[in-house]
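First the proteins, then the strands, lettered A, B, ... as listed; each starts at 1.
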There are 2 protein chains.
Amino acid sequence: MSFMQALRRRWQQADTLVCVGLDPEPAKFPAAFAADADAVFAFNRDIVDATAQYACAFKPQIAHFAALRAEDALTRLIAHIHANHPDVPVILDSKRGDIGSTAQHYVGEAFERYRADAVTVNPYLGRDSVQPFLDRADRGVVILCRTSNPGAGDLQDLDVGGRPLYQLVAEKVARDWNEHGNCALVVGATWPEQLREVRAIVGDVPFLVPGVGAQGGDAGAVVSNAKSADGTGLMISSSRAILYASNGTDYAEAAANAARELRDEINRHR
Amino acid sequence: MSFMQALRRRWQQADTLVCVGLDPEPAKFPAAFAADADAVFAFNRDIVDATAQYACAFKPQIAHFAALRAEDALTRLIAHIHANHPDVPVILDSKRGDIGSTAQHYVGEAFERYRADAVTVNPYLGRDSVQPFLDRADRGVVILCRTSNPGAGDLQDLDVGGRPLYQLVAEKVARDWNEHGNCALVVGATWPEQLREVRAIVGDVPFLVPGVGAQGGDAGAVVSNAKSADGTGLMISSSRAILYASNGTDYAEAAANAARELRDEINRHR
C-alpha cells in the first residue's frame, strides 16, 4: 500500500487528523529517563505507544536525532512503529534539498535506511532536485510551501507576478510535480488565510500543518480553512505540546490525553 | 580563528581557490577498497591527504555519508582534516533549513557533532531559520543563492519586481543577514552570467561555486565573472572529477593531479 493509500485509510478508520511529531530533547524528558542510556529511543517509544490510537501519522524530526548522534535510535523507533502500529505511516521530517545526483542519496537515507513512508523536502532547488523523491510513487513527498515560522514570508511571500511565491509553489506541485499523486504540502497553522488560499489552488492534495500548540496556531481555524471536500486532507502536527505534556511519571498518559484532546478539538470543526 | 579568516589566509598562502568535494560512492572506489570495511573513511582520507596542498577548503556532502550509515566515518574524516591539514577549513554540505528551534539542532549537528568550520543552508524558510547559524560568528554560513542544477530556475529565476528571486536572496544576505561577516553564497558554475550579476550585488562576499567538472561549468568563465576585487572570493568546488579521476592503484596521485590542474587553470584566469 502506498503512503497516500495508508494515510487516507487511516484518516477514515481512526477518525483522526492528528500527526504526532517526535522531537526528542533529553533535557525535557521525565526524570525516570535520566539514567537510561537508551533514553531517546525509550521515551519516543513510550510516546508512540501511548498516542498511536489518536495518530494519523508519526513525524520524527531528524535534526533532533542527528544532534544527539542518535541515528540508531531513529532507525529502531521507525521499525517499532511499523511493527506495532502498522496502520500509522511515518513521515521523516528532514526538509532535504540538493541537486538530483545528491538527492538520490537523500532518497536512500529516507526510504532505504530509515524506511520512512514519506519525507519532507525543500523546493528551492527546483523540480529536478525533487524528482528522485517524486519517482518513488509508493512514498509520500511533502513539499515546503508556506512554513509556520515568523520569518516564513521573507522569501515565501515575495510577489511573483501578483501572487506570493508560496502560491506558485503550490500550483507547481499540484499541476506539474504530482504526476504520481504522491505529493503533499507543508502549510503552517499560524497562517489560516494562506491555508484557505492554498486549498483553493490544490484541490485535495494533503497538507502537513505544523504550528498548532507551542507555536500558537488554532486547530479550529486550520480545519475550517484547510480541510478538503470530504473533511479530511490534513495532518495537523503537534510535537512539544504532546511530548512534554508532563515530565512526571504520568508523561505517557499526559501525552495520550493531549493527543486525544487535539483530535477531539479538530473533529469538532470538521 | 574564524572560518572567514582561515579561508582568506588559505587563499593567500596556498594560492588556490579549489574546494575539494568529498562525495563518497563506494561503487566508484578503486578495487583495493572492496574488502575494506572502513572504505568510506580510508578512501576519503587518502584523497584528502593527496589533495590538501591544492585545496582552499574541503567539502564533505553529508547525504553520501548518511545513505551509507557512515556518520562515524564523516566524524573521523573531519577530525583527520583538522589534525593533519589544520589550515584547510571544512564546509559541511548539508543544505539544512528548518524553523528556528529546530535549526538550533542542525547547528549542533554541523558545529558540535561534526566540528565543521562552515555549513551550507537553504534560505527558503527565511531569516529566522538561518539566524541560529548566523549567530555563530566564528563559523561560515554558506547560503544557497543560484544553484548549479538544470532546474535551478524553477523557483530561483522567478521574477520578483523586475529581478530574479536569486538576486533578492543575494541582496538580503549581503545587506541584512551578514552582520557578523560570516556569510557566503552558493552560485553555480553553470551560470556565468548570474555569477557576474551576484558579484555586482554582494561585493566581496565569498562564493562557493559547484558545477565545474562533471556538471560542465567552465572554470575560466567562473573566475573572470565572479572573482572579487583582489582576485580571490571563490571556492570553486569539484568532487567527482577529483575523487574518481582514476579507479586504479594511482587513484590518489590522479586525484592530486586533477586538483592541481584545476588550481592552475583557475589561476591562469585570475
Requested in this report: Sort by residue number and list every member of residues 69-77 of chain A having a non-hydrogen atom under 4.5 Å from chain B.
Outcome: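 The stretch touches chain B at A:Arg69, A:Glu71, A:Thr75.
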In terms of heavy-atom pairs under 4.5 Å with chain B, which of [options] leads?
options	answer
A:Gly151, A:Gly126, A:Gly100, A:Gly108	A:Gly151
A:Gly97, A:Gly188, A:Gly153, A:Pro150	A:Pro150
A:Glu112, A:Arg96, A:Glu109, A:Arg127	A:Arg96

Below 4.5 Å from any heavy atom of chain A, which atoms of [X] appear? Answer side chain, backbone, both or neither.
X	result
B:Asp98	both
B:Glu25	side chain
B:Arg240	side chain
B:Val169	side chain
B:Thr102	both

In terms of heavy-atom pairs under 4.5 Å, which option from [options] contacts chain A the most?
options	value
B:Gln104, B:Lys95, B:His105, B:Gln156	B:His105
B:Thr147, B:Asp154, B:Leu165	B:Asp154
B:Pro210, B:Pro123, B:Ser129	B:Pro123
B:Ala103, B:Ser94, B:Ala67	B:Ala67

Query raised in the report: Does A:Leu125 offer a backbone N or O that forms a donor-acceptor pair with the side chain of B:Asn149 under 3.5 Å?
Result: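 Indeed, once roles are kept as given, a pair shorter than 3.5 Å links the two residues.
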**Report entry** Contacts of type salt bridge (Lys or Arg N to Asp or Glu O under 4.0 Å), residue B:Arg139, not counting sequence neighbours
**Finding:**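 Partners of B:Arg139 by the salt bridge (Lys or Arg N to Asp or Glu O under 4.0 Å) criterion come out as none, since no residue qualifies.
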Nearest atoms (heavy-atom pairs only) where [X] meets [Y]:
X	Y	value
A:Cys145	B:Tyr124	O-OH, 2.8 Å
A:Ile99	B:Ser148	CG2-OG, 4.1 Å
B:Tyr106	A:Asp93	OH-O, 4.4 Å

**Report entry** Over 12 foreign heavy atoms within 6.0 Å of CZ, A:Arg163
**Finding:**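 Buried by this count: over 12 neighbours within 6.0 Å.
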